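Below is one structure, written out as structure tokens, with a few remarks after it.
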Amino acid sequence: METLLQRNQALLFKVTILTFGFGIGIDESTGILSDIALQNYQKYNLTPDTSVGEIHPGEYTYVSNPDNLRASMASYYNFISGAGTHNDILITVPYADAFGAGLLSSVLKPVRINGEFRGVVGTDIPLAEIFEDLTYFKQGEYSYAFMFDKKESVQGRTLTHPLLPLTQVVTNDYSIYVHITTLERAPEFKEVYNDTISNIPDREEGQRTFVADKIIARGDTFGEGVDVVSVRTTYYWRQVEGTTLVAVLALVEEDIAQLFRQEITGNPFVYHRIDIWKPSGIVACNHLGDYATDTSSVVFMTADAYVMPTNHLEVPDTVESIKEYTNYMNGNDGTANPFRDGIRDEVFITHLIDDTWLSDVNNDNVATRYIGTANGVLRFYPGFRMNKYRDFTNEQWFAQAVRSKDSLIITASNFDSFRASYRPTVSLSRAITFRGSSKIFGVMGMDITLDYFYKTITDLYPDCQDSTYNCFVMDRSGYLIVHQDLLSNYKKTHIVDKERLLSVDLIENGIMVRKACINYQDIKRQYYYEITDIEGGVHDKLKSIDCLQYRLQIIPRTNAVLVIISFQLNCNYNCYCSPLNCVSEDPSTCECPCAENEQLFDYCDFRYNVDENSAPSCSPPLYVQEKIEEATSVGGLQTCLNVDCSVKSTLSSCSSSLVCEICDESKCKSINGNCQGDSTKNSNQTGGKLVAVLVVIAIFAVFCIVVVVVYIVRRKKAQKETKQNPDTPDEPTVEPMYLDMQEDYVTNI
């Protein structure tokens, strides 16, 4: 009873308790159950502080037949219906829908006839619709919006915030009972929070500027970790009229960028749903099984590019809607504009890259070329249908390029960034900024086959072809980008799982450091790794007499690390990869990225036990809602890639192709074709075609590969002096990518 008193008194005695008893030794006179329901604290020599609120007694029900327990417990409805005369509309706190619809709030009103309660009428409203202006707010790299509730019973509860899972995918209530000061931990924000809950009239809205930490995802999963960036931020807040809800805009000045209005010429816009309708002159083709086009690039826009994001997601595209988009984007100002300001200007600017892309239509090492803007415009080639629920700005190729503006971002996956390819691919991406500033316009990139990327490395670094060497590339989180064992069946793999002895050495030398963040979706502490900066960019143990001889080199101006292992002895080591929970809290333990159950959440107070000194918040994992739609038939269409696989001169050029594969161990055929023609050379040399191909792809494509290529070429030259101990290369010189703006036109991209 003492615990009950403490808890309910803290809640201002707003809880009414109903108890039920059944089974042996339980009857109508069972005292403790009745006392709990009546909250009879005095009987136990406890004195409640009724000044904080009135106690609302409940009732005890004895259930003589356990088979009737469900029906008896339903009697709470009768108790509540007669407990008062509440007639106002009630909006419930958000809760997770049992059928997977995400977070809902119920709007309810009692129904009384002649003063007698007869029932309740209500409806459930998805929070995704209520808060769409906040959820889909986007302004540059660091700015965002959020909302919390100041009502006493749930004071500080966060309703929407970028660090929480999307409201439409929440599956449990615990992940949404997060106090706003748990996410916004700056001491100055706590002062803002105190102002908002003070109920002082002139503090219901305001603004304040201070330095606050921003959480930036390093990848698409919890295991890749986060970066924490401190930036000067202005917080604007206002209480929503007639509610206890407070809306907040966190705006970073450097995120404010304005494009000059563009004079639209030509027809720069082709909507990605060419399977529904396509403009005249756009010819369909079969791109790896997709209904596509190689006549032009196409444009996809994320939901936040639209004035009404939820409506766009819920209403299917039609011929009429696509024609309206096309007329507006191609300069017809008389057409209704469903897009946010500036979206049409970005569509026009990005189409200037089309001529470069179209000059190399039959490069079968490249799956997709693309340019995406920070405001949600994505232009890509060849063109095909995109999942309309996708938000590419949260994906690793984009987010990491924005985070590291001067670096080439290299990522790998089973599929290329935009569609299901027959082969694993590598994404090469880099940020585009406005000249003279650090403000982001967008990110440009391309996807090439994983085999092609690996063969490039082995061709330019012949030691990697030697059986005594093993060469691979990983990112700064320790996830493998390319590894010989993963070429045929790539899956996201951490170095600890694949190269355990090396991992032990990297951890012991402080090169691979274990860190943690708080996962609010699963209520766990998430551990991940970070490859630290190394003096000179090289950790050299090729001449070591230890169990393992290797060289680790951070590839300059990229997120990638090249590792060359000479050979290894049989040594004892311990590494763990548990699919469930962490084995140890010790940061020196060699263990795959893992999650650990901790007492982070107080289930009684519904609060997280964290403060400004706790581990940072994890960013929620990337979520793309699968939208199952019937595929458009590609029967009778010509292939977009016109490649004769039978004339491939080397096995490596065959295996590096999107549409070719090796057959009979020495021939090359199209993936769906017959094995015929002469045998190709059993060679891993890509020859002079490598540089030529990259040059004709695009200026950007040359830039993307040149960082890796120049670096390895310099390694190769230095290798002449001593094969076993190559010298450290100089950092390659790479010019940043800029967007030049004049008053009426774009001069360079």
Side-chain angles (χ1 to χ4, degrees), residues 216-227 394-404 407-417 423-429 445 447-451 453-454 457 470-507 511-517 519 526-534 539 550 552-555 558-565 575-579 582 587 589-595 618-622 707-708:
I216 309 297
R218 287 166 51 186
D220 301 338
T221 64
F222 285 129
E224 289 166 280
V226 296
D227 290 323
N394 289 329
E395 295 172 7
Q396 187 176 14
W397 66 269
F398 189 96
Q400 280 297 291
V402 169
R403 171 70 184 90
S404 305
S407 296
L408 171 68
I409 302 302
I410 309 173
T411 58
S413 67
N414 256 331
F415 308 111
D416 67 80
S417 294
R423 295 192 183 282
T425 57
V426 173
S427 298
L428 308 174
S429 60
D447 293 344
I448 62 176
T449 63
L450 188 63
D451 284 84
F453 184 76
Y454 186 73
I457 292 175
N470 178 21
C471 300
F472 60 88
V473 178
M474 63 181 175
D475 64 22
R476 296 291 288 267
S477 295
Y479 281 93
L480 296 172
I481 296 173
V482 59
H483 191 286
Q484 188 172 12
D485 295 346
L486 300 176
L487 289 177
S488 60
N489 183 26
Y490 182 86
K491 63 179 180 178
K492 203 174 192 72
T493 304
H494 199 268
I495 185 177
V496 174
D497 197 20
K498 180 59 66 174
E499 299 286 349
R500 299 194 173 189
L501 182 56
L502 173 63
S503 299
V504 170
D505 197 80
L506 294 179
I507 293 171
I511 295 173
M512 190 162 70
V513 178
R514 196 184 194 193
K515 296 188 174 183
C517 61
N519 170 354
Q526 177 70 51
Y527 289 101
Y528 60 94
Y529 287 100
E530 179 178 313
I531 306 297
T532 61
D533 290 329
I534 307 169
H539 180 67
Y550 69 94
L552 180 144
Q553 296 184 256
I554 295 175
I555 302 177
T558 77
N559 67 321
V561 178
L562 175 66
V563 180
I564 309 164
I565 299 178
C575 285
Y576 308 95
C577 282
S578 170
C582 298
T589 300
C590 180
E591 185 168 11
C592 285
C594 58
C618 299
S619 59
L622 179 68
V707 176
V708 178

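Predicted, not measured: the structure shown is a model, and the values here were computed from it. Counting from 1, the numbers follow the sequence of the chain as shown.
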Rounded distance [0.5 Å steps], CD1 in Ile481 versus CZ in Phe453
6.5 Å
Validation row: Asp227, Arg403 side chains within 4.5 angstrom (heavy atoms):
yes
For the student: nearest non-hydrogen atoms of Leu450 and Ala412, plus distance
CD1-CB, 4.5 Å
Without swapping roles, check the side chain of Gln526 against the backbone of Cys594 for a donor-acceptor pair under 3.5 Å.
yes
Any side-chain heavy-atom pair of Glu499 and Ile565 under 4.5 Å
yes
Can you tell me how far the OG atom of Ser503 sits from the CD1 atom of Ile495, to the nearest 0.5 Å?
4.5 Å
For Leu487 versus Pro424, what's the shortest heavy-atom pair and its separation?
O-CG, 4.0 Å
Would you tell me whether Cys592 and Cys575 have their SG atoms within less than 2.5 Å of each other?
no
On a heavy-atom basis, which atom in Val226 and which in Tyr528 lie closest, and how many Å separate them?
O-OH, 3.5 Å
For the pair Asp497 and Lys492, find out whether any cationic side-chain nitrogen is under 4.0 Å from an anionic carboxylate oxygen.
no
Do the side chains of Val473 and Ile410 get nearer than 4.5 Å, heavy atoms only?
no
Could you report the tightest heavy-atom contact between Tyr454 and Cys471, atom names first, then the distance?
CE1-O, 3.8 Å
When rounded to the nearest 0.5 Å, the distance separating CD1 of Ile507 from OG1 of Thr589 is 8.0 Å
Any side-chain to backbone donor/acceptor pair from Tyr529 onto Glu591? Under 3.5 Å, distance only.
yes
Would a 4.5 Å heavy-atom cut-off, applied to side chains only, mark Thr411 and Glu395 as touching?
no
At their closest point, which heavy atom of Tyr490 faces which heavy atom of Leu480, and how far apart are they?
OH-O, 2.6 Å
Using only atom types and a distance under 3.5 Å, with no angle test, would you say the side chain of Ser429 pairs donor to acceptor with the backbone of Phe398?
no
When rounded to the nearest 0.5 Å, the distance separating CG of Leu506 from OH of Tyr550 is 4.5 Å
For residues Arg500 and Cys577, determine if any side-chain heavy atom of one lies less than 4.5 Å from a side-chain heavy atom of the other.
yes
Stepwise side-chain contact (heavy atoms from CB on, under 4.5 Å) check, Leu552 with Ile534
CA-CA 10 Å; Leu552 180 144; Ile534 307 169; 3.3 Å; yes
Taking all heavy atoms of Pro593 and all of Tyr479, pick out the closest pair and write down the distance.
CG-OH, 3.6 Å
Pick from Val561, Leu502, Leu562: which one makes a side chain to side chain contact (heavy atoms under 4.5 Å, CB included) with Phe472?
Leu502
Any side-chain donor near an acceptor of the partner, Asp475 and Gln400, under 3.5 Å:
no
Reported CG-to-CD1 distance for the pair Leu428 and Ile448, which is rounded to 0.5 angstrom
4.5 Å
Do His494 side-chain atoms and Ser477 backbone N/O form a donor-acceptor pair below 3.5 Å?
yes
Donor-acceptor pair, distance only, cut-off 3.5 Å: does the side chain of Thr558 make one with the backbone of Ala560?
yes
Spacing of CD1 belonging to Ile531 relative to CE belonging to Met512, to within rounding of 0.5 Å:
5.5 Å
If you define the side chain from C-beta out and look only at heavy atoms, does anything of Asn559 sit under 4.5 Å from Ser407?
no
Is any side-chain heavy atom of Asn470 less than 4.5 Å from a side-chain heavy atom of His483?
yes
Using side-chain hydrogen bond (donor to acceptor under 3.5 Å, both in side chains) as the criterion, point out the one residue from Arg218, Arg476, Arg514 that pairs with Glu530.
Arg218
